[in-house]
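Residue indices begin at 1 and follow the sequence shown. Keep in mind that this is a model prediction, so the values were computed, not measured. Hydrogens, waters and symmetry mates play no part in the numbers below; they use all other heavy atoms, side chains included.
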Amino acid sequence: MTTDEQMKEIVKQKYSEIALQDKATNAASCCGSGCCSTEVYNIMSDDYTTLEGYQPAADLGLGCGLPTQFAKIRQGDTVIDLGSGAGNDCFIARQETGETGKVIGIDFTPAMVEKARANAEKLHFNNVEFRQGDIEKMPVTANVADVIVSNCVLNLVPNKDGVIKEIYRVLKPGGHFSISDIVLAGELPATIQQAAEMYAGCVSGAIQKQEYLDMIENNGFKNITIQKEKVITIPDDILANYLNTAEIAAFRAGNTGIYSITVYAEKPADAACCAPGCC
């Protein structure tokens, strides 16, 4: 098994555990199950409760932003949510698309897909569906989506460039995405970079902010905009699992920054179906 495959399996196992928990349990960790913080809050997630279409049963306290709030979704749009979890962003997107639109959630974890489908069935949402699949190879045809959203997911994927190419393929010409994700400025300590728990917890798999933005531009997207940015602070009790007291102090005093950014970008209206260099 390759390293990438191992990391994918770690993510699948961890988020299978999270799917069986409620929001209160997940909120006691940095990004869901497994991050050990003794504080009962989630250091990355934003508050969804004021958004129309919010469904408490679908909110597991995950994510690092509110991409659907910034996604410019219109009535009748086809929206795809990458890493759809229990369906939280999909149900909010459905509020925007109305009954004439369509929302497709894609998730890598069977337990999450099952939970999301059960939530949709309870809500009688016939225009919301959930598909199990790898977002590096989406189970969706080309040029189908008006809007793509995602919340704290690409940092969990080894081949981020592959996901951006897939987003380009699946969006209609003139379509756009709004994605919240974790990015870095500076280097993380090696012990954090190598920690599987911190990968599944949305931190060690993050890449440099400028590299992230350049990757989007290099794949042909235009009008790239950071819609929101916030600093992520990892509590000391989590850092103590990987760093000693002196190392924590050095990390705090250093120049490394961890950020949640929500990025908007458009596929050109005259674009071909696939990303530059991939046809």
Side-chain angles (χ1 to χ4, degrees), residues 11-12 14-27 31-33 42 45-135 137-141 144-154 156-157 163 166-167 170-172 175 177-180:
V11 169
K12 182 180 288 187
K14 186 57 60 179
Y15 284 83
S16 293
E17 294 172 12
I18 293 172
L20 301 177
Q21 299 172 352
D22 58 19
K23 181 181 180 181
T25 303
N26 289 323
C31 191
S33 175
N42 188 312
S45 65
D46 282 341
D47 183 12
Y48 270 89
T49 58
T50 61
L51 299 186
E52 292 188 30
Y54 173 74
Q55 302 293 334
D59 183 5
L60 298 179
L62 307 175
C64 60
L66 297 173
T68 44
Q69 184 180 38
F70 300 97
K72 303 179 183 180
I73 299 168
R74 299 165 301 185
Q75 287 279 319
D77 275 352
T78 295
V79 180
I80 295 178
D81 178 24
L82 308 182
S84 48
N88 195 23
D89 281 294
C90 288
F91 300 140
I92 292 170
R94 193 259 184 194
Q95 178 71 26
E96 300 295 325
T97 68
E99 295 185 1
T100 60
K102 183 175 183 179
V103 182
I104 301 169
I106 301 173
D107 202 278
F108 187 55
T109 307
M112 283 293 190
V113 174
E114 182 178 345
K115 188 163 192 166
R117 287 172 176 168
N119 285 333
E121 185 173 350
K122 290 176 185 176
L123 294 165
H124 306 291
F125 286 169
N126 296 324
N127 60 337
V128 181
E129 66 171 288
F130 296 93
R131 303 178 185 179
Q132 184 186 349
D134 192 327
I135 62 173
K137 191 175 182 181
M138 295 184 211
V140 182
T141 57
V144 71
D146 297 288
V147 183
I148 290 179
V149 296
S150 185
N151 194 351
C152 207
V153 172
L154 266 69
L156 297 171
V157 179
V163 178
E166 276 290 90
I167 292 172
V170 168
L171 277 173
K172 296 176 182 177
F177 71 74
S178 181
I179 291 176
S180 296

A.B. asks: Looking at Cys64 and Ser180, what are the two nearest heavy atoms and their distance?
C.D. replies: SG-C, 3.8 Å
A.B. asks: Does a side-chain heavy-atom distance below 4.5 Å link Ile167 with Ile179?
C.D. replies: yes
A.B. asks: Okay, side chain of Arg94, backbone of Phe125: is any donor-acceptor separation there less than 3.5 Å?
C.D. replies: no
A.B. asks: Return yes if some donor-acceptor pair links the side-chain N/O of Asp107 with the main-chain N/O of Val113 below 3.5 Å, else return no.
C.D. replies: no
A.B. asks: Does some side-chain heavy atom of Glu96 sit less than 4.5 Å from a side-chain heavy atom of Thr68?
C.D. replies: no
A.B. asks: Taking the side chain from Asn119 and the backbone from Ala86, do they hold a donor-acceptor pair closer than 3.5 Å?
C.D. replies: yes
A.B. asks: Counting distance only, does the side-chain N/O of Arg117 pair as donor-acceptor with the main-chain N or O of Phe130 below 3.5 Å?
C.D. replies: yes
A.B. asks: So, the side chain of Asn127 versus the backbone of Lys102: is there a donor-acceptor pair under 3.5 Å, distance only?
C.D. replies: no
A.B. asks: Can you confirm whether Glu52 is buried at CD, in the sense that more than 12 heavy atoms of other residues, nucleotides or ligands lie under 6.0 Å from that atom?
C.D. replies: no
A.B. asks: Can you name the nearest heavy-atom pair linking Val79 to Ala93, along with the distance?
C.D. replies: CG1-CB, 4.1 Å
A.B. asks: What's the spacing between Ile106 CD1 and Gln132 CD if we round to 0.5 Å?
C.D. replies: 11.5 Å
A.B. asks: Can you tell me how far the CD atom of Gln55 sits from the CG atom of Asp89, to the nearest 0.5 Å?
C.D. replies: 12.5 Å
A.B. asks: Please determine whether side chain to side chain contact (heavy atoms under 4.5 Å, CB included) holds for the pair Lys72 and Val147, giving the CA-CA distance in whole Å, both sets of side-chain angles, and the decisive distance to 0.1 Å.
C.D. replies: CA-CA 8 Å; Lys72 303 179 183 180; Val147 183; over 6 Å; no
A.B. asks: Compare every heavy atom of Cys90 with every heavy atom of Gly105, then report the nearest pair and how far apart it is.
C.D. replies: CA-SG, 3.7 Å
A.B. asks: Which heavy atom in Ala116 sits nearest to a heavy atom in Gly87, and how many Å separate them?
C.D. replies: CB-N, 4.0 Å
A.B. asks: Side-chain contact, heavy-atom cut-off 4.5 Å: Val144 with Ile80?
C.D. replies: yes
A.B. asks: Could you tell me whether the side chain of Met138 reaches within less than 4.5 Å of the side chain of Leu82, counting heavy atoms only?
C.D. replies: yes
A.B. asks: Between Asp81 and Phe91, is there a donor-acceptor pair closer than 3.5 Å when you use the side chain of the first and the backbone of the second?
C.D. replies: no
A.B. asks: Between Arg74 and Asp77, is the closest basic N to carboxylate O distance under 4.0 Å?
C.D. replies: yes
A.B. asks: Would the number of heavy atoms belonging to other residues, nucleotides or ligands and lying under 6.0 Å from CD of Glu114 be above 12?
C.D. replies: no
A.B. asks: Measuring from atom CG of Leu66 to atom CD1 of Ile92, what distance do you get when rounded to the nearest 0.5 angstrom?
C.D. replies: 7.5 Å
A.B. asks: Treating Ser178 as the side-chain partner and Val149 as the backbone partner, does any N or O pair qualify as donor plus acceptor under 3.5 Å?
C.D. replies: no
A.B. asks: Could you report the tightest heavy-atom contact between Ser150 and Pro67, atom names first, then the distance?
C.D. replies: O-CG, 3.4 Å
A.B. asks: Hey, are the side chains of Leu51 and Gln69 touching, using non-hydrogen atoms and a 4.5 Å cut-off?
C.D. replies: yes
